[in-house]
Number of protein chains: 2
Amino acid sequence: MVPYGGFEALGDATRRSIVERLRHGPASVGELAAGLPVSRPAVSQHLKVLAEAGLVAVNAAGTRRIYRLAPHGFAALRSELDQLWNDALAAFAAAAEAEGEADGDDERHERPA
Amino acid sequence: MVPYGGFEALGDATRRSIVERLRHGPASVGELAAGLPVSRPAVSQHLKVLAEAGLVAVNAAGTRRIYRLAPHGFAALRSELDQLWNDALAAFAAAAEAEGEADGDDERHERPA
DNA sequence: CGGCACGGTAAGTGCTAACTTACGGTAAGT
DNA sequence: ACTTACCGTAAGTTAGCACTTACCGTGCCG
């Protein structure tokens, strides 16, 4: 599916540029390539990656392929990130609490003295 | 700034493993490396990247460096992703409204606070 | 005070992937 | 039917980065 693949997909700067462009509305491959410093085939390959990550969807119109953002993949990314966010907050709160109590350095570590 | 840098940081699988490990609580560099298939220096380098992206924070305890998740970077990522998600939804709604086409797509519209 | 554990940095290597040009296949216009 | 436009794929090159070993500074304990 698309568990963490979305992060891999958005890890590339060119792919993020494509997403940024698609934020303002659907566009064809040629239009996307025209606004980017790379060739059309490169854009096509990036779109393939984004599509496999569920971040974009395609709508064929004649020989032109109109790409648009797909909410599906972004929703998955969002929930992943939300979990991380919650755990980060919990860890932060726990650390702050331990700090307030005492200088406790006791954890479930297997580090022998 | 580190607006999108977080996506770059989370684009690497080893770095995501580190984050996953830190979800359960703080850990030292040696502990992190012990649970990963890479060497300690590699972990150190990854932690540097994560720290520069604002995703982790350090707490020096003697010669040991205790790393933990930092809510700051995740908050930034979250808002970035929220904007993208909203635009994706808007684009989808506009497209669906313009045409009644059925692409066999299946997405849920859950909108948290 | 001398050895030891911990971890960050330097230098070098290999593999992944982003990019290129070239080609083929499909749909629309004339 | 021929031509033109649009796009995906193949093959090959190159640049970046993840990883390694080696080294050094720092803080604990004997």
Side-chain angles (χ1 to χ4, degrees), chain A residues 4-22 25-53 55-68 70 103-107 109-113, chain B residues 2 4-22 25-68 70 101 103:
Chain A
Y4 262 124
F7 286 116
E8 299 252 0
L10 290 181
D12 181 71
T14 302
R15 240 131 43 197
R16 285 198 303 274
S17 295
I18 292 177
V19 169
E20 279 297 323
R21 170 62 177 80
L22 288 180
S28 69
V29 177
E31 288 170 341
L32 289 171
L36 290 171
V38 296
S39 65
R40 253 184 307 270
V43 173
S44 209
Q45 292 163 6
H46 283 308
L47 286 171
K48 183 178 184 179
V49 173
L50 289 170
E52 286 174 355
L55 295 174
V56 301
V58 61
N59 190 352
T63 113
R64 305 172 59 164
R65 311 296 277 275
I66 308 299
Y67 283 86
R68 56 177 176 82
D103 192 34
D105 176 26
D106 50 349
E107 229 58 45
H109 303 158
E110 65 272 56
R111 173 76 186 88
Chain B
V2 287
Y4 263 129
F7 286 115
E8 300 250 357
L10 290 181
D12 181 68
T14 302
R15 238 129 50 196
R16 285 197 304 272
S17 295
I18 292 177
V19 169
E20 279 296 323
R21 169 63 179 80
L22 289 180
S28 69
V29 177
E31 289 169 341
L32 288 170
L36 289 172
V38 295
S39 65
R40 266 183 299 274
V43 173
S44 210
Q45 291 164 6
H46 283 307
L47 285 170
K48 183 177 184 180
V49 173
L50 288 171
E52 286 174 354
L55 295 174
V56 301
V58 199
N59 190 355
T63 125
R64 305 171 56 167
R65 302 287 180 77
I66 309 300
Y67 283 87
R68 59 176 177 80
E101 65 91 17
D103 167 79

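For the atom pair CG of A:Asp12 and CD of B:Glu8, the computed distance is 7.5 Å after rounding to the nearest 0.5 Å.
Taking atom CG of A:Asn59 as the reference point, atom P of C:dA27 lies 15 Å away to the nearest angstrom. Look at CG on A:Leu50: it is 12 Å from P on D:dG8, rounded to the nearest Å. Summarising the geometry, the separation between CZ on A:Arg64 and P on D:dG8 is reported as 12 Å, rounded to the nearest angstrom. Residue B:Leu47 contributes atom CG, which lies 16 Å from atom C1' of D:dC17 at whole-angstrom precision.
Nearest heavy-atom pair, A:Gly6 versus A:Ala53, reported as atom, atom and distance to 0.1 Å: CA-CB, 4.3 Å. Nearest heavy atom pair, residue B:Leu22 against residue B:Ala27, reads CD2-N, 3.9 Å. Shortest non-hydrogen contact noted between B:Ile66 and B:Ser28 is CD1-CB, 4.0 Å.
Just one residue in the list A:Leu47, A:Val49, A:Val56 forms a side-chain contact (heavy atoms from CB on, under 4.5 Å) with A:Arg15, and that residue is A:Val49.
Nearest nucleotide to the B:Ser39 side chain, out of C:dT21, D:dT21, D:dG8: D:dT21.
Heavy atoms of B:Arg40 sit nowhere under 4.0 angstrom from any nucleic acid atom.
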Secondary-structure string, 5' to 3', Watson-Crick or G-U under 3.5 Å, | for another-strand partners, for DNA chain C: ||||||||||||||||||||||||||||||

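A heavy-atom distance below 4.5 Å is found between the side chains of B:Ile18 and B:Leu50. No side-chain heavy atom of A:Asn59 sits less than 4.5 Å from a side-chain heavy atom of A:Pro26.
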Show each protein N/O and nucleotides 12-18 of chain C N/O combination with a separation under 3.5 Å, one pair to a line.
from: C:dA18; atom 1: OP2; to: A:Arg15; atom 2: NH1; distance (Å): 2.8

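With hydrogens and angles disregarded, no donor-acceptor distance shorter than 3.5 Å links the side chain of B:Arg68 to the backbone of B:Ala57.
The environment of A:Arg40 atom CZ is sparse: at most 12 non-hydrogen atoms of other residues, nucleotides or ligands sit within 6.0 angstrom.
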Base-contact (B) and sugar-phosphate-only (S) positions in nucleotides 22-30 of chain D, heavy-atom cut-off under 4.0 Å, - elsewhere: B----SS--

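When each of B:Arg65 and A:Ala42 is assigned the nucleotide of DNA chain C with its nearest heavy atom, B:Arg65 is the one assigned upstream, toward the 5' end.
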